[in-house]
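First comes the structure, then the notes that go with it.
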Amino acid sequence: MRKLEYTLRRLLLSLGVLIGMTIVTFVLTRVVPSNPAALYLGQRARPEQIEAITQELGLDDPLPVQYIRYMNDLLHGDLGDSLATKRPVTKEILSRIPATAELLVTAIVIAISVGIPLGVFSAQLHGKPADVGVRTVSIIGVSIPQFWLGLILQLVFGLWVGLFPIAGRVDSTLRFSSPIEDITGLFVLDTFITGNWIAFKDVSLHLILPAITLAAYPIGLIARMTRATMIEVLGQNYIRTAEAYGIARRMIVYVYALKNAIIPTLTVIGLTFAYSLTGAFYVEIIFNWPGLGLFTARSFLNLDFPAIMGITLFGATGYIIINLLIDLLQAYLDPRVSLD
Amino acid sequence: MKSKVMLIIVLALLLALVGTSAAQSTTVLRVASTAGVTTWDPALSFSTEALYMANIYETLVRVNAPGADSEISPVLATDWSSSEDGLTWTFNLREGVLFHDGAPLTADAVKRSIDRAKAISGASFIWLPLESIDVVDDLTVQFNLSYPAPLPLILGSTYAAWIVSPTALDAVDADETYFEAGVAAGTGPYMLADYTPDAEVVLAQHPDYWGGWSDGQFENILISIVADAVTQEQLLRGGEVDLALRMPPSSYQSFVDDEAYNVATETTLFNYVGFLNVLRAPLDNQAFRQALSYSVPYEDMIAVAVEGLGTQARGPVPDGVFPFSEDVPQYSFDPDVAQRLLEESGVDPSTVTLRMTYAAENTIEESMAPLLKDAWEETLGITVEVEAILFGQQWQEAKADPAAAQDIFLLLYWPTYSDAGSDNLLSMFRSSEAPFFNLSYWANETFDTLVDDAIVISGTDPDAAQAMYTEAMTLLVEDAPGLFFMDVGTWYAVPTYLDGFAYNLNYPFSIDFYAITLAQ
Amino acid sequence: MSLSRLFLGKRGEEPPDNDFDPSLVQRSGWAHTLYVIRRDVLAMFSVLWIAAMLISAIAAPLLAPYPEQGAGRNNVDDRLLPPSTQYLLGTDELGRDVLSRLIYGARPAMSSSLVVVAVAVLIGTPLGAIAGYFGGWVDEIIMRFTDLFLAFPSLLLAMAIVALLGPSLMNAVIALVASWWPWYTRLVRSTTRSLREQYFVEAARSIGVSDAMIIWRHILPNTITPILVQSTIDIGTVILATTSLAFIGLGTQAPNADWGLMIEGARQFLRQAWWYSIFPGAAIFLTVLAFNLLGDTLRDIFDPRQYR
């Protein structure tokens, strides 16, 4: 019962935070001197046309009036039209989610499958040179500037070795030879389901460099967190008991200990996900990955404020949901909480 | 057991990765371009989507690059004539032209297309001299002007002059966003086959194109939208595209040295100008403005900012377009003269701090700005503050309150259609009540009169107009309300397996894909 | 944004399950800290590198071989020269000495990160202490307010502020402060909540010491260690953030030197002039690495129970 109350309270507060966000973003984007009409009509539009567009878009109304109109539309699921593409912002954002999601999920999968074993391995060798090595590697992961790592990978593996495509998400000529059937929007998955191996190979190769670039930071984080919690767990009494019973060391480490060490690590993974949204921004710019990051960059460059509002709201909602999920997950999963 | 299944899956995936390669069943030209699409409405189009528009739609005539046999080529019109006073123009249309949707080209389609562009386009000002359009018969159309403007140049504009299918015009009358879903209906060689915003545009052959098709031309054009020049270069070098339309200036030499590419060097109508705010001291002082003009490092700027691909400008009209003139004077980088003019101006340089703004998204201005700052500070002993802001904001600030605005405004300008008299000179330096692109806020009656008069007679008596324009530009350069930096060039690295690539400076945002073929 | 704080294992929302024990601090005093650092090669490297960067930032005009070029003056006759005895790390596209640019680039990197973290601590600490000490509705209001800032994606906030005020290092700093201080509020709040129940606080309260005095004398001094550890790691993360912002044109503006800005400029010369992109990247990497390593070592010293 207390948990239900807690959940409801958190939900309500999150809603309040979101409304606060809309006000902040709205004011920020509207006080910037910009020229929406020029964006709408092209930079050479004449004053009388700018006048007309300003009226049509209601940009000369007082700010509170504009805000209420915006919120009213928002409640009807309408984020307005992008000034640059003249398409609904909702549609623009939704159409870019799969690309970003594919990149993010792949990076997190890489980070987990490298980070956790690395952490476990390091914890077992606690204090030995190999442990120091793993710690150093994980600190390097969180210290390297992503935009720089991306450039270096592009140069080395894309241009010199020629192993991977340099940029983009898919070789677009595939549309003529082996078109990708859009099922989930995640190209790797779609091509796999449909057995389109030519396209599968192509999209996988495109994905590798950006995903590795994006994964570097979370690998370091997850490895460090896993290591820390594993060391703590391995020192617990029940592990010693298990050892005394003669249960195989591998079994102890990977089943009993890891199971208990995974909860704090989950928290990190969740937050890493939120963090990687920011990382994805830089990675998408460098690898010309057609996702939300590129859209964000362009919208800000153009001062396309309906798009900016939409992205900010979307990003904040995502962040709040992830935070909420982590907190709830912790509250429900952590045995120490449920034993209370 | 489980691990064996995993192993088999992994092996299968690896085999799939190694063992397959793409096979092509159709000829595709792969292009990387920065050109985003702000609208698919040909009447509203006033931005980078011109690259696609120019391959999908056609105009009545086309303006040729300098040096061609004739200034104007027929496209949808076959021939034309004008009355003696230059006010009535009659155009005969090409027979048997079909729009992509199967509708035939008619005089009515021409009238409706241009009337609509004149009413709603951001570039509608080009139709200022147009009074009305009459449909004489199915294939004859007559334009009535209010003053004798050079109509073929306007009809050949890359904006607001596309001829659109009447079926599409009906549809857009009913729903004004009809085109925005990615619909196009022109007469051009290529049809819009697919469009993913910010990612790619796919064009496919228009089978009934009036120009016909021959071997070696491409069935499909696949344009990847890549905002970043460095990425475009890498895509080209990695063989992932056949053409990259925007590459960093710095890679020019390495392509020249590479035998796999032909490098075409072109002049453009892009021109860099600096506006000096003449409403404020010390920029209200002519000698001081001239001193600034004499301490611009023109040569270094061309060498560094555009890798030598440019020439020092002669006023605001770039070389290659009417009414450019070799007779317009130029300043040079001459610290001694600058120093003398500074003394003459009576301005104490140690008290002068100038604020210079440039468009943060323009990399050429980004490299110009520090060179200017260094040169002025060193030569004149003044202080220059450089500020990069997004163009939209920079312009907004400059228009809002001239008295409080920047001191120096760097601007990249180009004529909307092939007449820089009625555009560059008028827009940038003719006085107006509210500033628009005349961001020096300069007002000179003689200049205004000369330009106004020249515009009106340029259709009937281009020589007299040229003389008046030259006089106006000379006056302008001498009074120095602006800094005239450079006309910039451009270059394209075209793989040797492609033929027919051509750049026409009158259409700076377009490349004619129909002309490109696989080399024999 | 700053995930590194998770290494402290305290997310602020829930009270930490292991109470903070101030006596640990006494056991590991400054002498001990220095001793540990001197024995640890990596920690030693960190301290030396950070010191070198601080000295570069302060004494850039004295250290740079070409101070004028470091400050931005162009030298177009010597464009893109490879490393040589004249220019140890080569030159950039305006002919400026890369080494001098790097030394000058330490200025925005060090100053902005120190300012961001210092201001974030100054805002976050009192709020966190008040929220944690008083609890109830005060806590609720303060923490919801911090949630508002935490929920705002910091990159978007930075972009919005920069779009509003124009791109500059100062504005990037403002944006980063705005998204950074809430983390310190959370950190200090959770520490305060555990301290509040400690015997010495109870004792002070029972003899009538005012709340303000208790916070000042008993709570704040005991939050210094976790803040110190956290802020060391954060400085590195902020350097990553400011250089990233400069890379996309939202931070330091040319002609000022900045490592991120240098990489942005070097990008198009990646093939012709490797030195121009490699060295600034290495400078960012090593500096961030040094702060992370030092933070790690400090945490091991001050908070040994957690990770030893």
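Convention: sequence-line order gives letters A, B, ...; per-chain numbering from 1.
- With a 4.5 Å cut-off on side-chain heavy atoms, Arg224(A) and Asp296(C) count as touching.
- Residues Leu245(C) and Tyr282(A) share a closest heavy-atom pair of N-OH, 3.7 Å.
- Using a 4.5 Å cut-off between heavy atoms, Glu264(C) does not touch chain A at all.
- Closest approach of Leu270(C) to Leu151(A), counting heavy atoms only: CD2-O, 4.0 Å.
- Considering every non-hydrogen atom in both Asn292(C) and Ser143(A), the closest pair reads ND2-OG, 2.9 Å.
- Annotation for Arg267(C) and Ile286(A): closest pair NH2-O, 4.1 Å, computed over non-hydrogen atoms.
- Ranked by heavy-atom pairs shorter than 4.5 Å toward chain A, the options Thr287(C), Ile239(C), Leu42(C), Ile278(C) are led by Ile278(C).
- For chain C, no part of Ile308(A) is nearby; none of its heavy atoms comes within less than 4.5 Å.
- In terms of heavy-atom pairs under 4.5 Å with chain C, the best-connected choice from Thr136(A), Ile285(A), Leu18(A), Ile140(A) is Ile140(A).
- Chain A forms more heavy-atom pairs under 4.5 Å with one residue of Phe285(C), Trp259(C), Phe291(C), Phe145(C) than with any other, namely Phe285(C).
- Inter-residue side-chain proximity for Trp148(A) and Ile284(C) is flagged as unmet; no heavy-atom pair is nearer than 4.5 Å.
- The most heavy-atom pairs under 4.5 Å with chain C, out of Leu155(A), Ile152(A), Leu149(A), come from Leu155(A).
- The choice from Ala282(C), Gly249(C), Gly260(C) that makes the most heavy-atom pairs within less than 4.5 Å of chain A is Ala282(C).
- Looking at every heavy atom in both residues, Gly281(C) comes nearest to Pro145(A) through O-CG, 4.3 Å.
- Inter-residue side-chain proximity for Ile248(C) and Phe281(A) is flagged as met; some heavy-atom pair is nearer than 4.5 Å.
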